[in-house]
Amino acid sequence: MKFIYQTWWKVLAVLIILYTLIAGFLFGVPTLPILHETIRNTYFHVPMWIAMFTVFTISVVYSVLYLNTGKEEYDLVAVECVNTGTFFYVLGLITGMMWAKFTWGAFWSNDPKQNSAAIAFLLYCAYAVLRNSIDEEQKRAKISAIYNIFAFPIMVVLIMVLPRMTDSLHPGNGGNPAFGKLDMDNRMRVVLYPAFIAWSAIAVWIASLRYRIRLIEYKRNEIN
Amino acid sequence: MKKISVLASLLFAYAAAFAQQSAPVEMADEMRSSGKIYVVIATIVIIFTGLAIYLFSIDRRLKKIEKEK
């Protein structure tokens with residue numbers, strides 16, 4: 001846990017994102033019909049989802065740790081990771097809708113990817129509702145930890161697996177590879193992969209800030 | 001010297017192969033050539049730098065509060 005109090009990785013993440021902002025607009029990209037310059041959205045839309053996956057994964061790890069040890073701090077990490085993940089989820093959805101408007105023709109075209117992403121979003125909204133509906137602290141922590149552990153694989157299946165088994169407009173579906181030879185090349189990879197890492201780090205940073213605030217609140221309540 | 005000339009001719013063939021692509025796809029080449037894309041980059045870099053500084057300042061304030069405890 002000492003890691004979240006250190007500064008070097010935060011500076012590194014900010015520098016890498018600054019690099020992707022500059023390189024993302026200046027480096028060459030494949031010239032593709034329909035997409036045109038919007039292919040650069042890949043550098044900003046996809047990292048939102050990767051960042052979300054990173055904090056949700058951390059959240060599940062801490063939910064398991066909580067159930068193993070019963071340490072209240074682990075529950076606080078789990079809930080703040082979910083909160084931050086939900087924020088990046090909304091960013092991913094909105095940027096996706098924006099992009100869809102100009103490439104697929106509508107903000108929402110009931111595409112399998114969009115629909116299952118919306119359903120998975122409700123899963124995590126239900127997590128927040130569930131938490132807030134239980135007053136007793138340990139019960140709340142335990143039930144929401146178990147819910148979180150179940151919600152995560154369902155979310156992964158909904159977003160990553162099910163849309164790929166049917167026809168979808170989104171890349172990576174219906175036998176149409178995402179990040180494949182068709183729509184990506186190495187000029188894009190040198191920007192995209194650093195962006196994945198850096199945005200994940202930013203998400204972890206925000207989650208850690210929220211966790212530290214919540215820890216102070218928790219300790220203050222404990223004294224009273 | 002021979003190697004270099006072979007390499008040069010291969011490179012030229014490579015460029016020629018690219019030049020033969022059909023129906024050009026419209027990109028924002030004009031915007032870039034007139035240099036105005038740099039304005040956009042400057043804007044987002046300023047915004048992101050501001051957000052980063054803001055995050056760092058929150059981090060610092062939290063550290064202070066944590067030390068008081």
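Sequence lines set the chain letters: A, B, ... in the order given, protein chains first and strands last, and positions in each chain run from 1.
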Atom CZ of residue position A:Phe87 - does it have more than 12 heavy atoms of other residues, nucleotides or ligands inside 6.0 Å? no
Counting only heavy atoms from other residues, nucleotides and ligands, does the tally under 6.0 Å from CZ of B:Arg61 exceed 12? no
Taking heavy atoms only and a threshold strictly under 4.5 Å, list by residue number the residues of [range] that touch chain B; give 'none' if the list is empty.
{"range": "residues 197-213 of chain A", "answer": "A:Trp199, A:Ile202, A:Trp205, A:Ile206, A:Leu209, A:Arg212, A:Ile213"}
{"range": "residues 61-77 of chain A", "answer": "none"}
{"range": "residues 2-19 of chain A", "answer": "A:Tyr5, A:Thr7, A:Lys10, A:Val11, A:Val14, A:Ile17, A:Leu18"}

With sequence neighbours excluded, what pairs up with A:Tyr127 under the ring-ring contact (aromatic ring centres under 6.0 Å, His included) test? none
Is any side-chain heavy atom of A:Leu21 closer than 4.5 Å to a side-chain heavy atom of B:Ile41? no
Please evaluate residues B:Ile65 and A:Ile216 with respect to the criterion side-chain contact (heavy atoms from CB on, under 4.5 Å), reporting the C-alpha separation (whole Å), side-chain torsions for both, the decisive distance (0.1 Å), and the verdict. CA-CA 9 Å; B:Ile65 295 171; A:Ile216 290 167; 3.7 Å; yes
With chain A, which of B:Ile58, B:Val45, B:Leu51 has the greatest number of heavy-atom pairs at distances under 4.5 Å? B:Val45
